[in-house]
Enquirer: 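Here it is: the structure, laid out below.
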Amino acid sequence: MNSCLRRVVIISAPSGAGKSTLAKYLLERFPSLSLSVSATSRALRGEEQHGREYYFLRNSEFDEKIREDAFVEWEEVYAGVRYGTLRSELERIWGRGDAILFDVDVKGGMRLKEVFGDEALSVFIEPPSLEVLRGRLLARATDSLESIQKRLDKALEEIGFARYFDRVVVNDDLGEAMRQIEQIVGDFICDDIGNDDTDANGI
Ligand code: ADP
Ligand code: 5GP
C-alpha cells in the first residue's frame, strides 16, 4: 500500500461513539493515510501540542483565517468554540502522496463530503443506543455531567443525519467495528493505485 493518491476519508460521529478510537486504529492500519490536523479556538488541554492534536488559535487568529478563506469548512462545534479544516492541510498531506483522514463533527463531515464528492468516503460511526453512549461518556470520565447531557442531546439530532453518509458503522462490539471500517476504508483508498489523476479534486 504505497500510494493512495488524492483521496479523502471522513469520519464523523456523535461525541463518545468511538470516532477517535476508530480513527487511531485506521491510522495504524494504513500508513498511507494521514490525519488532517484541524485548527481550533479552544485552549490546549493536558498533553496536547500545537500542530499535533490541533493548531490552537486565538479567536482573533481564527477570525483572520476565516477572512483569508483559509478554511475548507469550519463550525462552532460547542458554544463559543470553533474548529476548522485548513486548506493548507490538503497540500501538506497530498503533497507527500498520502490520503487524508478527517475526524470532524457531523455537520463538518457533511460539508466535506459536499466539497470532495466522489473523491471522498464519508463514514458515520453510530452508537448502539443513547444509553450505551451515555455509559461510554461516563466511563471515559473526560466531561462534566452537564457536558455529557449536552452531548447526548446533540447526539439525538446527529444520529438523524447518518443517512447522508456513504457508510454507517455501528460501534457495538469494538473488534467488529474495527474489522468493518478497515474493510470499507481499505477498499476505498487503494482501489485506484496506478491511476495518477491528480487534478480530480480541482482544489
Ligand atoms: P469519540 O472520539 O467519538 O468521542 P472515543 O473514541 O473517545 O469517542 O470513545 C469514547 C469512549 O468509549 C472511550 O473511553 C473509548 O475507549 C470507549 N469505546 C469506544 N468504542 C467502544 C466499544 N465498542 N465498546 C466499549 N467502549 C468503547
Ligand atoms: P475535542 O477534541 O475538543 O474534544 O472535540 C472536538 C470535536 O470537534 C469533535 O467532534 C471533532 O470531530 C470536531 N472537530 C475537530 N476538528 C474539526 C474540524 O476541523 N471541523 C469540524 N467541523 N469539526 C471538527
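Remember, it's a predicted structure, so these values are computed and weren't measured experimentally.
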Enquirer: Check the pair Leu137, Arg151 against side-chain contact (heavy atoms from CB on, under 4.5 Å), reporting the backbone distance first and the verdict last.
Expert: CA-CA 9 Å; Leu137 286 169; Arg151 284 163 198 254; 4.1 Å; yes

Enquirer: According to a 4.5 Å side-chain heavy-atom criterion applied to Ile, Leu, Val, Met, Phe, Trp and Tyr, with indirect links allowed, do Leu26 and Ile189 form part of one hydrophobic cluster?
Expert: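 Yes, because Leu26 and Ile189 connect within a single hydrophobic cluster, where side-chain heavy atoms sit under 4.5 Å apart.
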
Enquirer: So, Phe188 versus Phe30, ring centres under 6.0 angstrom or not?
Expert: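 Between Phe188 and Phe30, the centre distance exceeds or equals 6.0 Å.
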
Enquirer: Taking Lys154 first and then Glu157, would you say they form a salt bridge - that is, a charged N and a carboxylate O separated by under 4.0 Å?
Expert: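 No, Lys154 and Glu157 are not salt-bridged.
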
Enquirer: Going hydrophobic residue to hydrophobic residue with side-chain gaps under 4.5 angstrom, can you get from Leu156 over to Val170?
Expert: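 Cluster IDs for Leu156 and Val170 differ.
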
Enquirer: Going by an N to O cut-off under 4.0 Å, is there a salt bridge joining Lys107 and Asp105?
Expert: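 Salt bridge absent between Lys107 and Asp105.
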
Enquirer: How close do Leu86 and Ala39 get, heavy atom to heavy atom, and via which atoms?
Expert: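 Smallest heavy-atom distance, with atoms named: CD1-CB, 4.1 Å.
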
Enquirer: What verdict does the side-chain contact (heavy atoms from CB on, under 4.5 Å) test give for Phe165 and Ile11, after you've listed the backbone C-alpha separation in whole Å, the side-chain angles of each residue and the deciding distance to 0.1 Å?
Expert: CA-CA 9 Å; Phe165 285 71; Ile11 303 199; over 6 Å; no

Enquirer: Between Arg140, Lys150, Glu158, which is the residue that forms a side-chain contact (heavy atoms from CB on, under 4.5 Å) with Ser15?
Expert: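 Going through Arg140, Lys150, Glu158 one by one, the side-chain contact (heavy atoms from CB on, under 4.5 Å) with Ser15 is satisfied by Arg140 alone.
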
Enquirer: Work out which heavy atom in Glu48 is nearest to a heavy atom in Phe56; give both atom names and the distance.
Expert: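 Where Glu48 meets Phe56 most closely, the heavy atoms are OE1-CZ, 3.3 Å.
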
Enquirer: Nearest 0.5 Å please: distance from the CD1 atom of Ile100 over to the CZ atom of Phe116.
Expert: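 Answer rounded to 0.5 Å: 6.0 Å.
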
Enquirer: Given the rule in the side-chain contact (heavy atoms from CB on, under 4.5 Å) test, do Val8 and Leu112 qualify, once you have shown the distances and angles that lead to the verdict?
Expert: CA-CA 9 Å; Val8 309; Leu112 288 171; over 6 Å; no

Enquirer: State, with a plain yes or no, whether a side-chain heavy atom of Ile10 is found less than 4.5 Å away from one of Met110.
Expert: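 When only atoms from C-beta onward are counted, Met110 and Ile10 do not touch, as no gap falls below 4.5 Å.
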
Enquirer: What do you reckon, is CD of Glu146 surrounded by more than 12 foreign heavy atoms closer than 6.0 Å?
Expert: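 Check fails, neighbour count at 12 or below.
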
Enquirer: Is any side-chain N of the basic residue among Asp173 and Arg179 closer than 4.0 Å to the acidic one's carboxylate O?
Expert: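 Not counted as a salt bridge, because no side-chain N and carboxylate O are separated by less than 4.0 Å.
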
Enquirer: With no hydrogens and no angle check, is any side-chain donor or acceptor of Asn171 less than 3.5 Å from a backbone partner on Ala17?
Expert: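 Yes; at least one donor-acceptor contact below 3.5 Å.
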
Enquirer: Should Glu64 and Arg67 count as an ion pair when the cut-off is N to O under 4.0 Å?
Expert: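 Salt bridge: yes.
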
Enquirer: Is the closest side-chain heavy-atom distance between Leu44 and Tyr54 below 4.5 Å?
Expert: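 Leu44 does not reach Tyr54 side chain to side chain.
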
Enquirer: Taking all non-hydrogen atoms of both residues into account, name the closest pair between Glu126 and Ala162 and its distance.
Expert: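 Where Glu126 meets Ala162 most closely, the heavy atoms are OE1-CB, 3.9 Å.
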
Enquirer: Please determine whether residues Leu35 and Val169 belong to a single hydrophobic cluster, defined as Ile, Leu, Val, Met, Phe, Trp and Tyr linked transitively by side-chain heavy-atom distances below 4.5 Å.
Expert: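 Shared cluster, yes.
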
Enquirer: Could you tell me if the side chain of Leu138 sits less than 4.5 Å from the side chain of Leu145, heavy atoms only?
Expert: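 Counting from C-beta outward, Leu145 and Leu138 do come under 4.5 Å.
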
Enquirer: Charged N to carboxylate O below 4.0 Å: is that the case for Lys24 and Glu28?
Expert: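 Here Lys24 pairs with Glu28 in a salt bridge, since their nearest N and O are under 4.0 Å apart.
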
Enquirer: Could you tell me if the side chain of Ser32 sits less than 4.5 Å from the side chain of Arg7, heavy atoms only?
Expert: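 Counting from C-beta outward, Arg7 and Ser32 never come under 4.5 Å.
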
Enquirer: Do Arg42 and Thr40 pair up side chain to side chain, a donor and an acceptor below 3.5 Å, judged on atom types alone?
Expert: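 Their side chains do not contain a donor-acceptor pair, so the 3.5 Å distance test is not met.
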
Enquirer: Just by distance, do the side chain of Lys113 and the backbone of Ala120 share a donor-acceptor pair under 3.5 Å?
Expert: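 Yes.
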
Enquirer: At their closest point, which heavy atom of Ser34 faces which heavy atom of Arg96, and how far apart are they?
Expert: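 Looking at all heavy atoms of both residues, the shortest contact is OG-NH2, 2.7 Å.
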
Enquirer: Tell me every residue that passes ring pair (Phe, Tyr, Trp, His ring centres under 6.0 Å) with Tyr55, counting only those two or more places apart in sequence or in another chain.
Expert: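 Tyr55: ring pair (Phe, Tyr, Trp, His ring centres under 6.0 Å) contacts with His50.
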
Enquirer: Determine whether a donor-acceptor pair (N or O, by modelled atom type, separation under 3.5 Å) exists between the side chain of Ser41 and the backbone of Val81.
Expert: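 Here the side-chain-to-backbone pair does not exist.
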
Enquirer: Do the side chain of Arg87 and the main chain of Phe71 share a donor and acceptor less than 3.5 angstrom apart?
Expert: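 Answer holds: yes.
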
Enquirer: Would you confirm whether Arg167, through its side chain, and Ile181, through its main-chain N or O, come within 3.5 Å as a donor-acceptor pair?
Expert: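 Flag not set: sc Arg167 to bb Ile181 has no pair under 3.5 Å.
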
Enquirer: Examine Val9 and Ile184 and state if one hydrophobic cluster contains both, with Ile, Leu, Val, Met, Phe, Trp and Tyr joined whenever side-chain heavy atoms are less than 4.5 Å apart.
Expert: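 Yes, one cluster joins them.
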
Enquirer: Side chains of Tyr78 and Tyr83: closer than 4.5 Å at any heavy-atom pair?
Expert: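 Contact flag for Tyr78/Tyr83 side chains = yes.
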
Enquirer: Take atom CD in Glu68; do more than 12 heavy atoms of anything else shown fall under 6.0 Å from it?
Expert: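 Counting other residues, nucleotides and ligands, CD of Glu68 exceeds 12 neighbours.
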
Enquirer: Tell me, do Ile159 and Pro14 make a side-chain contact under 4.5 Å, heavy atoms counted?
Expert: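 Yes, close enough: below the 4.5 Å cut-off.
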
Enquirer: How long is the gap from CH2 on Trp74 to OG on Ser38, to the nearest 0.5 Å?
Expert: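 So the gap between those two atoms works out to 14.0 Å.
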
Enquirer: Is it true that atom CZ of Arg134 has more than 12 heavy atoms of other residues, nucleotides or ligands lying nearer than 6.0 Å?
Expert: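 Not buried by this count: 12 neighbours or fewer within 6.0 Å.
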
Enquirer: Does one side chain, of Thr142 or Arg45, offer a donor that lies under 3.5 Å from an acceptor on the other?
Expert: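 Their side chains do not contain a donor-acceptor pair, so the 3.5 Å distance test is not met.
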
Enquirer: Contact between Leu57 and Lys65 at the side-chain level, heavy atoms closer than 4.5 Å - yes or no?
Expert: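 The answer is yes, as the side chains (C-beta and beyond) meet within the 4.5 Å cut-off.
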
Enquirer: Are any side-chain N or O atoms of Glu61 and backbone N or O atoms of Arg58, one a donor and one an acceptor, separated by less than 3.5 Å?
Expert: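 Checking the backbone N and O of Arg58 against the side chain of Glu61, a donor-acceptor pair under 3.5 Å is found.
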
Enquirer: Quick one, Thr85 and Arg111 - any side-chain contact, counting heavy atoms below 4.5 Å?
Expert: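 A side-chain contact is absent here, since even the closest heavy-atom pair is not under 4.5 Å.
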
Enquirer: Can you give me the closest heavy-atom contact between Gly108 and Val104, atom names plus distance?
Expert: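 Of all heavy-atom pairs spanning Gly108 and Val104, the closest is C-CG2, 3.7 Å.
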
Enquirer: Quick one: do Val123 and Leu22 end up in the same hydrophobic cluster if we chain Ile, Leu, Val, Met, Phe, Trp and Tyr together by side-chain heavy atoms under 4.5 Å apart?
Expert: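 Yes, it is one cluster - the side chains of Val123 and Leu22 are joined through contacts under 4.5 Å.
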
